[in-house]
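The sequence lines fix the lettering, A, B, ..., with proteins before strands; numbering per chain opens at 1.
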Number of protein chains: 2
Amino acid sequence: MTDTHWRPVKRTRTFEDVLAQIEHRIAEDGLTAGDRLPAERRLAEQLGVSRSSVREAMRVLETLGVVSSQAGRGPDAGAVLTSRPDSALTDVLRLNLGLATLELREVIDTRLMIERWAAAQAARARAGTSALAEALKGMDEAGSAEEFVEHDTAFHCAIAEIAGNRLIAAFMRSLRESMSRYAVEAVERLGDTSGLQADHRRILRAVQEGDPEEAAQAVTDHLAHAYPAGG
Amino acid sequence: MTDTHWRPVKRTRTFEDVLAQIEHRIAEDGLTAGDRLPAERRLAEQLGVSRSSVREAMRVLETLGVVSSQAGRGPDAGAVLTSRPDSALTDVLRLNLGLATLELREVIDTRLMIERWAAAQAARARAGTSALAEALKGMDEAGSAEEFVEHDTAFHCAIAEIAGNRLIAAFMRSLRESMSRYAVEAVERLGDTSGLQADHRRILRAVQEGDPEEAAQAVTDHLAHAYPAGG
DNA sequence: GACCACAATATGGTCAGACCATACCTAATC
DNA sequence: GATTAGGTATGGTCTGACCATATTGTGGTC
């Protein structure tokens with residue numbers, strides 16, 4: 001076994017090693033959101049690597065939404081474990097949309113799947129519908145397409161919140177945000193938003209009356225109005 | 001204008017600036033997967049920042065699955081734009097699960113939503129079922145729980161592939177991978193996998209026969225068997 | 001003793017420059 | 001023409017310095 005076919009001595013980059021160590025430590029020590037990680041310099045010393053490598057690992061963790069860094073001193077300074085998957089998901093979707101490898105159609109279909117589920121669940125829960133009514137009012141008063149979309153997003157995300165699954169709600173928010181540009185275009189192309197508002201009232205009614213099937217169907221029709229099959 | 005109240009000269013970190021520049025360049029120049037970014041040193045020079053900052057930005061982009069770095073020389077070397085949202089999504093979910101801010105229940109419910117959708121869509125498509133049958137065979141011959149879960153994942157992901165939405169398929173893979181540890185535990189707790197295999201055959205049959213409702217219901221029952229309400 | 005100004009300190013953020021590892025490219029060699 | 005040795009552009013890592021920020025300690029003042 002002394003000859004060819006050397007398993008490469010080093011396949012993982014240093015910062016990946018650091019990542020693994022940190023993740024292992026999280027699992028091992030049972031760290032949760034709010035706990036602090038050692039300072040960069042100290043971590044570098046502990047792991048026997050340079051601070052650069054630690055920093056690159058930190059950037060990754062920050063990107064993944066599990067660490068938040070704060071300069072200065074005191075209890076709130078340093079690298080603190082958090083759990084904010086939202087921006088991470090949003091960034092992943094937005095950038096991959098920008099690279100045109102994901103079709104808008106696929107994103108919209110995903111939204112449809114999630115919104116149907118959320119509306120049906122919300123109808124089963126039948127709670128917190130006041131937030132929905134609130135968002136509806138805002139939309140009536142919206143001037144620009146941007147404003148309308150903003151309130152529209154709030155309305156749809158509120159449904160997901162009511163449904164009570166944070167992961168799905170996070171997906172929902174990320175999908176909406178990453179395609180907000182296209183949503184504005186769709187509204188502008190449509191011109192008149194009264195039809196969409198009628199859809200919203202229908203959805204709200206179905207949720208209030210606790211009718212999951214009607215809620216899901218209302219959402220389906222709504223998205224079909226907003227994004228006609230053509231595009 | 002020489003005195004107090006300076007709006008902070010610098011609110012964004014340098015690497016965030018680099019990120020924005022790169023994203024802008026992607027949109028502006030219409031870069032897509034396969035295109036190359038300038039070398040780190042060159043980019044640093046162009047943007048007037050240090051190479052460290054460029055590297056941290058690269059780490060972020062790599063984490064988000066839109067850049068792949070390769071050392072060496074030649075056409076494949078350097079930072080190449082890609083589009084691999086899978087690992088990014090997986091990492092986000094896995095780490096956030098590890099921080100215990102997401103309940104396993106929420107992840108499973110999300111899986112259920114996606115798998116119901118995928119199975120129904122696959123039944124409408126009625127294509128590529130040979131891959132499903134293939135995965136079934138592998139599971140029959142699986143010895144350990146790990147092996148079983150591996151083939152199980154292949155089976156379920158194959159359904160998502162058939163459904164033809166890459167974003168949802170990516171979600172599916174990420175969910176499965178990030179909770180694979182718990183899947184193994186569930187299988188070990190269950191002991192006998194013949195019931196799960198019967199479910200699989202039922203799902204396959206429904207897809208082959210093009211019965212979306214039955215396919216969705218079969219998936220629902222399957223997950224209920226694998227993860228009883230208790231946990 | 002209470003309060004305030006200022007220095008000390010710990011933290012992340014950035015930079016510069018060096019060196020290593022990798023992989024392609026080129027030219028000399030056979 | 002094939003092989004081989006060097007050149008070179010790339011990412012990966014390290015070191016050490018300095019800056020920006022925010023808390024903490026310290027001493028003086030009232």
Side-chain angles (χ1 to χ4, degrees), chain A residues 4-22 31 34-82 84, chain B residues 4-22 31 34-82 84:
Chain A
T4 59
H5 297 105
W6 254 115
R7 297 299 253 50
V9 174
K10 184 176 190 175
R11 306 196 51 66
T12 66
R13 295 175 284 187
T14 305
F15 80 87
E16 291 174 325
D17 223 62
V18 175
L19 277 175
Q21 297 277 347
I22 293 178
L31 301 182
D35 293 340
R36 275 182 58 176
L37 255 45
E40 292 178 357
R41 290 170 178 83
R42 176 144 188 77
L43 209 43
E45 192 185 10
Q46 287 178 8
L47 302 179
V49 301
S50 76
R51 199 180 149 207
S52 328
S53 297
V54 171
R55 279 186 64 76
E56 297 199 8
M58 287 301 183
R59 279 297 89 70
V60 172
L61 292 175
E62 198 178 301
T63 303
L64 293 174
V66 296
V67 150
S68 168
S69 292
Q70 180 66 44
R73 205 178 148 167
D76 285 357
V80 179
L81 289 176
T82 62
R84 320 178 144 275
Chain B
T4 59
H5 294 104
W6 253 115
R7 293 303 257 42
V9 174
K10 184 177 194 175
R11 305 197 53 67
T12 65
R13 295 177 283 188
T14 305
F15 80 89
E16 291 174 323
D17 223 62
V18 176
L19 277 175
Q21 297 277 347
I22 293 178
L31 302 182
D35 293 340
R36 276 182 58 176
L37 254 43
E40 292 178 357
R41 289 169 178 83
R42 178 148 186 74
L43 208 45
E45 193 185 10
Q46 286 179 8
L47 302 179
V49 302
S50 75
R51 200 181 148 206
S52 324
S53 297
V54 172
R55 280 186 63 76
E56 297 197 8
M58 288 300 184
R59 280 296 90 72
V60 172
L61 292 175
E62 197 178 301
T63 303
L64 292 174
V66 296
V67 150
S68 168
S69 293
Q70 180 67 46
R73 204 175 148 167
D76 285 357
V80 179
L81 288 177
T82 62
R84 320 180 145 272

Which nucleotide in the set D:dG11, C:dA23, C:dT14 lies at the smallest distance from any side-chain heavy atom of B:S69? D:dG11
Base, sugar-phosphate, or nothing for B:A77, non-hydrogen atoms under 4.0 angstrom? nothing
Could you tell me whether the side chain of B:R13 and the main chain of B:S53 form a donor-acceptor pair under 3.5 Å? no
Which pairs, protein N/O on one side and nucleotides 25-27 of chain C N/O on the other, fall under 3.5 Å?
none

State which residues pass salt bridge (charged side-chain N to carboxylate O under 4.0 Å, His left out) with A:R84; sequence neighbours excluded, sorted by chain then number. none
Close approaches to DNA chain D from residues 43-60 of chain A, in residue order (heavy atom, under 4.0 Å): A:V49, A:S50, A:R51, A:S52, A:S53
Residues that B:E45 engages under salt bridge (charged side-chain N to carboxylate O under 4.0 Å, His left out), provided they are two or more places apart: none
Checking A:R36 side chain against A:A77 main chain: does a donor-acceptor pair fall under 3.5 Å? yes
Which pairs pass salt bridge (charged side-chain N to carboxylate O under 4.0 Å, His left out) with one or both residues in residues 69-79 of chain A, sequence neighbours excluded? none
For B:Q21, check side chain to side chain donor-acceptor pair (under 3.5 Å) against everything at least two apart and list the hits. none
Side chain to side chain contact (heavy atoms under 4.5 Å, CB included) for A:L37 and A:L31? Distances and angles first, verdict last. CA-CA 9 Å; A:L37 255 45; A:L31 301 182; 4.3 Å; yes
Intermediate values then yes/no, salt bridge (Lys or Arg N to Asp or Glu O under 4.0 Å), B:E56 and B:R59: CA-CA 5 Å; B:E56 297 197 8; B:R59 280 296 90 72; over 6 Å; no
Closest to the B:A71 side chain, choosing from D:dG11, C:dG12, C:dT14: D:dG11
Would you mind reading off the distance between B:R13 atom CZ and C:dT14 atom C1', rounded to a whole angstrom? 12 Å
